[in-house]
Amino acid sequence: MSRWWEKWFAAPGLCPLCGSVHSASVWAGVWDRLCSSCQAGLHLIQPPCCPLCGRSWPVASLCGDCLRHRSRDLERNVGVIRYTSFAKEWIRLFKYRGQEGLAEPLGEMMAEALFASGMRPEAVTYVPLHPDRMRQRGFNQSELLAREVAHRLHLPLRSVLERTRPTPPQSRRNRWERMNALVGAFRLQPFCAETMDKKWLIVDDVYTTGSTLTECAKTLKTAGAKQVCSLTWAR
């Protein structure tokens, strides 16, 4: 086992995403510890942005999608990175190529963004996978990210949602098709009803149309949640 001083004072540092050498201190924030190539490829979501879904937007007002499809259940989403082709490749490596260790740097970015947003949830949960998908993949990427976020922000992590039926991949569906496919796809774990009166944060890897997070939020609000917001690495 490596001695602790070898971990903290070994030089040079390595990019937490690609493993390339960087010159930042190990005490620096996760963004500063990324190599120059990863920093150039990832685009942080900076103001102005839509106050509801968190996407980059020319002015600090609701984007066109939120004006047309505003959710009554999901009150706000915080996104960290714009969902570009470069970000999409990291998500692919994380979810489908067994690089589960990426949950640590991605989760650290998400925790930093959530804290900076001023959002103060009381408990953290995540978008569940259907058991069949869980067996195929071996892990739930949203759960791994939620664990990192909860740990870094000292918040309780609760597995309160379950997926009642498998749903087909959503990436090639439009909003209407997504919403219809997801209606009734989530329910509350039966032992959780008495603990729902909190401000909840739902964690997922990507926000595209928001259909999945909105359906999860609806389930939580119906069960008595005071407030439901979400946090995603990419938007």
Side-chain angles (χ1 to χ4, degrees), residues 15-17 26-34 38 42-46 49 51-55 73-83 87-88 90-95 99-129 134 137-163 186 188-189 192 195-196 198-208 210 212-217 219-221 225-235:
C15 173
L17 286 184
V26 294
W27 308 108
V30 63
W31 184 260
D32 292 326
R33 299 199 315 274
L34 297 180
C38 287
L42 297 175
H43 301 282
L44 283 170
I45 296 174
Q46 303 279 13
C49 58
L52 180 56
C53 72
R55 74 190 300 180
D73 301 303
L74 185 65
E75 299 188 27
R76 183 184 177 189
N77 177 71
V78 172
V80 183
I81 300 294
R82 289 167 53 196
Y83 195 34
K88 187 178 294 187
W90 284 110
I91 290 292
R92 187 186 69 83
L93 292 172
F94 178 33
K95 292 170 66 170
Q99 295 196 23
E100 298 172 48
L102 288 171
E104 184 173 346
L106 303 190
E108 187 176 354
M109 291 182 201
M110 294 167 74
E112 288 185 0
L114 183 75
F115 187 81
S117 74
M119 193 188 296
R120 297 295 181 262
E122 297 172 319
V124 179
T125 191
Y126 51 88
V127 175
L129 288 179
M134 187 71 172
R137 189 173 300 169
F139 66 95
N140 180 349
Q141 76 281 352
S142 299
E143 180 181 3
L144 296 184
L145 294 173
R147 288 187 181 281
E148 287 292 331
V149 171
H151 171 71
R152 293 179 182 281
L153 297 179
H154 307 289
L155 292 169
L157 176 66
R158 300 286 183 263
S159 178
V160 297
L161 293 169
E162 62 182 11
R163 198 178 288 248
F186 302 99
L188 196 70
Q189 297 270 16
C192 297
T195 66
M196 294 308 298
K198 300 179 186 297
K199 296 178 180 179
W200 284 91
L201 178 75
I202 308 173
V203 172
D204 203 4
D205 54 346
V206 178
Y207 185 118
T208 48
T212 299
L213 288 164
T214 296
E215 194 64 25
C216 288
T219 304
L220 295 180
K221 290 296 286 288
K226 290 191 294 187
Q227 181 188 66
V228 184
C229 296
S230 60
L231 173 67
T232 59
W233 184 66
R235 171 65 180 101

To the nearest 0.5 Å, atom CG of D205 lies from atom OH of Y126 at 14.0 Å
What's the verdict on side chain to side chain contact (heavy atoms under 4.5 Å, CB included) for V80 and L44, showing C-alpha distance, side-chain angles and the deciding distance? CA-CA 6 Å; V80 183; L44 283 170; 4.0 Å; yes
Before you tell me yes or no, could you show the steps for T212 and Y207 under side chain to side chain donor-acceptor pair (under 3.5 Å), namely the whole-Å CA-CA distance, both residues' side-chain angles and the distance that decides it to 0.1 Å? CA-CA 8 Å; T212 299; Y207 185 118; over 6 Å; no
For the CG atom of L129 and the CG atom of N140, what is their distance to the nearest 0.5 Å? 4.0 Å
For residues 102-115, which side-chain N or O atoms pair as donor and acceptor with protein atoms under 3.5 Å away, sequence neighbours left out?
{"unit_1": "E108", "atom_1": "OE1", "unit_2": "R33", "atom_2": "NH2", "d": "2.9"}
{"unit_1": "E108", "atom_1": "OE2", "unit_2": "R33", "atom_2": "NH1", "d": "3.3"}
{"unit_1": "E112", "atom_1": "OE2", "unit_2": "V30", "atom_2": "N", "d": "3.4"}

If you measure from CZ on R55 to CG on N77, what distance do you get to the nearest 0.5 Å? 11.5 Å
Which residues pass the salt bridge (Lys or Arg N to Asp or Glu O under 4.0 Å) test with D73, not counting sequence neighbours? none
With heavy-atom distances below 4.5 Å as the criterion, would you say the side chains of E122 and K226 are in contact? yes
Could you check whether E75 pairs with K199 (Lys NZ or Arg NE/NH1/NH2 to Asp/Glu carboxylate O, under 4.0 Å)? no
Are the side chain of R235 and the backbone N or O of I81 linked by a donor-acceptor pair below 3.5 Å? no
Starting at CG of L155, measure out to OG1 of T125 and round the result to the nearest 0.5 Å. 12.5 Å
Which heavy atom of F139 sits nearest to which heavy atom of M134, and what is that distance? C-SD, 3.6 Å
Minimal non-hydrogen separation, L34 against P16, with atom names: CD2-CG, 3.7 Å
So, R76 side chain and C229 main chain: donor-acceptor pair closer than 3.5 Å or not? no
So which heavy atom on C216 is nearest to which on I202, and how close? CB-CD1, 3.8 Å
